[in-house]
Visitor: 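I have a structure here, written as C-alpha cells, and I will follow up with some questions on it.
Start at 1 and go down the list; that is how both ligands and their atoms are numbered. None of the values given here were measured: they were computed from a predicted structure.
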Amino acid sequence: MNMTAKKRIAIIGAGVAGMAFAILAARQGHFVHVFERRPQTGSELGAGVTLWPNASFVLKQMGLLDEIAKVSGKPKSMVRYDQHSSDPLNQAFSEKSRLAIHDINRQAQNETYSILRRDLMAILFDALQKTQAHIHFSHPVQAEALAQLKTEYDLVIGADGRMNSAARQNITSALSAESSVDNEAVYQGFINVIGISQSPFTLVDKTVIQDYWGDGERFGIVPIDDQTCYWAAGWVSLPKRKSHPFFTQKDLMHRFQHWPKPVIDVLQHAQGASINTIYVHDVNPITSWHNDNVLLIGDAAHAALPTSGQGACQALEDAWTLAQLLPEHDDIDVVLQQFQAKRIDKTTAIQRTGRHIAQTIFHTKPSDRAVDGSISQTPSHAIANFWMSGLIPSNV
Ligand SMILES: Cc1cc2nc3c(=O)[nH]c(=O)nc-3n(C[C@H](O)[C@H](O)[C@H](O)COP(=O)(O)OP(=O)(O)OC[C@H]3O[C@@H](n4cnc5c(N)ncnc54)[C@H](O)[C@@H]3O)c2cc1C
C-alpha cells in the first residue's frame with residue numbers, strides 16, 4: 001500500500017519523458033505542474049518513433065497500449081542494405097543483414113510498434129488531460145525560474161531535452177565544482193532530414209523497416225501501414241555553422257536520385273510540411289543526474305543518437321522507473337539515488353551503441369564495414385533481454 005506523502009512535483013518539458021512521468025505521478029495523487037516552452041505539445045525530434053518491446057511494456061502498464069496499437073504499424077523485420085558499388089550513377093545495394101523483430105518480440109513478450117510522433121504525443125497528452133495535472137504551455141523555464149521552482153516544489157524534474165537543457169546546466173554546474181563536466185550537446189558530424197510520406201496506393205511493405213547504408217549516407221524507411229511511412233535521410237555534414245541550410249524534397253530527390261526505387265518512391269510522396277532538417281547531437285554521459293531536489297530524465301539526462309533507436313523508449317522507461325520508486329520512499333534523496341542506480345548503466349550503454357553505429361554508417365567505407373556494425377548479428381534473445389532489463393510489472 002502507498003503510505004508516502006503526496007508531493008509537489010514540477011516537470012520542465014512536455015516531451016515523451018515529461019508527459020509520461022506527469023501522467024503516472026498525477027495518477028498516484030501527487031500535485032503535478034508541467035512547464036512547456038512551446039505553445040502546444042510536439043517535438044522536432046523525428047517524424048516517427050519505433051516503440052520497441054521495452055516501450056510497449058511501459059505503455060501497456062500505463063494502460064495506453066490499445067490506443068497506440070490502433071494507429072501504429074507492426075514491423076516484423078528490419079533489413080539493412082549496403083551499397084556495394086562505388087559508381088555514383090548506379091548506386092547498387094544488396095541485403096547485408098536482417099533483424100527478426102518478430103523473434104525479439106516473442107522473446108521479450110511484448111510487440112514492436114511504429115508510430116508517427118504526433119500520434120504518440122496526442123495519446124500522451126490526452127491521457128495527461130484525464131488527470132489532475134496542470135500543464136502550462138508557452139512557459140520556458142530557465143536558470144532563474146528553475147531556482148524558484150526548487151524552493152516551491154518537493155521535486156523538480158528536468159525533462160527539457162537534449163539541446164540547452166536548463167536543468168542539465170543546473171546539475172552540471174554543481175558537478176563541475178568536483179570535476180570538469182561539459183554540459184553542451186555534442187554535434188556528431190551528420191544531419192538527419194526527416195519526413196512522412198503517404199500515397200493513395202501501396203507505397204511500402206508494411207512489415208519491413210528498410211535501412212539503406214551508402215558511403216557516408218543513409219536512408220531509413222519505417223512503415224506505419226502500406227500507404228504511409230516515416231523516413232530519415234542522413235549524411236555527413238561539416239560542424240554546425242551559425243546559419244545552416246535546411247533541405248527540401250527537391251534537394252533530397254537530387255541527392256538520392258540514383259538510390260534504390262523504394263527510396264525514390266518514398267521521396268516522391270513526401271509531405272512537404274513534414275520535412276525537417278536536424279543537425280544531430282547527443283550528450284556525453286555524466287556521473288550524476290541529480291542535485292538537491294532536481295532530477296534529470298529522458299534526453300536531458302542521457303540523450304543517445306537516433307542510430308540507437310532507443311531515445312523515446314528510454315524516456316518512457318525513465319518515467320516508469322521513477323513512478324515505481326515514488327510510493328516506496330518518502331525521502332526524495334533516496335528516490336533520486338535509487339533512480340540513477342537503476343537506470344544509468346543501461347542508458348550509458350545505449351548512448352555508446354548509438355555512437356558506435358553512427359561511426360559505422362557515416363565514417364566507415366562500405367567495403368570496410370563488418371556486418372556487426374548493426375545490431376542484426378546480436379542474437380534476438382540477447383537484444384530482448386537487454387531491452388527488457390529492469391522492467392518488472394507493478395501496480396503503479
Ligand atoms: C532525428 C531523430 C530521430 C529520432 N528517432 C527516434 C526513434 O525512432 N525512436 C526513438 O525511440 N527515439 C528517437 N529519437 C530520440 C527521441 O526523439 C528522444 O530521445 C525523445 O524524444 C526524448 O524525449 P524527452 O522527453 O527526453 O525529450 P523531448 O522529446 O525532446 O522533449 C523535451 C521537451 O522539453 C521542452 N523544453 C526544452 N527546453 C525547455 C525549457 N527551457 N522550458 C520548458 N520546456 C522546455 C521541449 O520543447 C520539448 O517539448 C530520435 C531523435 C532524433 C534527433
Visitor: Compute the minimum heavy-atom distance from Cys313 to ligand 1 and say whether it is under 4.0 Å.
Guide: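 Yes.
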Visitor: Out of Arg117, His139, Gln310, who is nearest to atom 14 (N) of ligand 1 when you count heavy atoms only?
Guide: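 Looking at heavy atoms only, the winner is Arg117.
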Visitor: Please check whether Val280 reaches ligand 1 - meaning an N/O of the residue sits under 3.5 Å from an N/O of the ligand, judged on distance alone.
Guide: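 Between Val280 and ligand 1 (N or O atoms, distance only) the closest approach is not under 3.5 Å.
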Visitor: Pick, from Ala55, Ala17, Gly234, the option with the minimum heavy-atom distance to atom 24 (P) of ligand 1.
Guide: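 The nearest heavy atom belongs to Ala17.
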Visitor: Mind checking side-chain hydrogen bond (donor to acceptor under 3.5 Å, both in side chains) for Ser56 and listing every partner two or more places apart, or none if nothing turns up?
Guide: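 For Ser56, no residue satisfies side-chain hydrogen bond (donor to acceptor under 3.5 Å, both in side chains) once neighbours in sequence are set aside.
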Visitor: Just let me know how Asp299 lines up against ligand 1, side chain, backbone, both or neither, with a heavy-atom cut-off below 4.0 Å.
Guide: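 The answer is both, backbone and side chain.
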Visitor: Heavy atom to atom 27 (O) of ligand 1, shortest distance: which of Pro140, Ala143, Gly161 holds it?
Guide: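 That would be Gly161.
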Visitor: One thing to verify: whether Asp251 and Arg255 come together as a salt bridge, which I'm taking to mean a side-chain N less than 4.0 angstrom from a carboxylate O.
Guide: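 No salt bridge links Arg255 with Asp251.
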Visitor: Counting each atom of ligand 1 from 1 as listed, which ones have a heavy atom of Gly13 under 4.0 Å away?
Guide: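 Numbered from 1, ligand 1 contributes 33 (C), 34 (O), 35 (C), 44 (N).
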Visitor: Using distance alone, decide if ligand 1 has a nitrogen or oxygen within less than 3.5 Å of any nitrogen or oxygen in Gly298.
Guide: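 For ligand 1, there is no N or O atom that lies under 3.5 Å from one belonging to Gly298.
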Visitor: Counting from 1, what ligand 1 atoms have a heavy atom of Gly48 closer than 4.0 Å?
Guide: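 This gives 8 (O) as the contact atoms.
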Visitor: So, are Asp225 and Lys74 salt-bridged, with charged N and O less than 4.0 Å apart?
Guide: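 Here Asp225 does not pair with Lys74 in a salt bridge, since their nearest N and O are not under 4.0 Å apart.
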Visitor: Establish, from distance only, whether the side-chain atoms of Asn385 and Gln107 form a donor-acceptor pair under 3.5 Å.
Guide: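 Checked: Asn385/Gln107 side chains show no N/O donor-acceptor pair below 3.5 Å.
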Visitor: Got a sec, which residues hit side-chain hydrogen bond (donor to acceptor under 3.5 Å, both in side chains) with Glu95, two or more places apart in sequence or on another chain?
Guide: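 Testing Glu95 for side-chain hydrogen bond (donor to acceptor under 3.5 Å, both in side chains), a comparison that skips the adjacent residues, returns Arg98.
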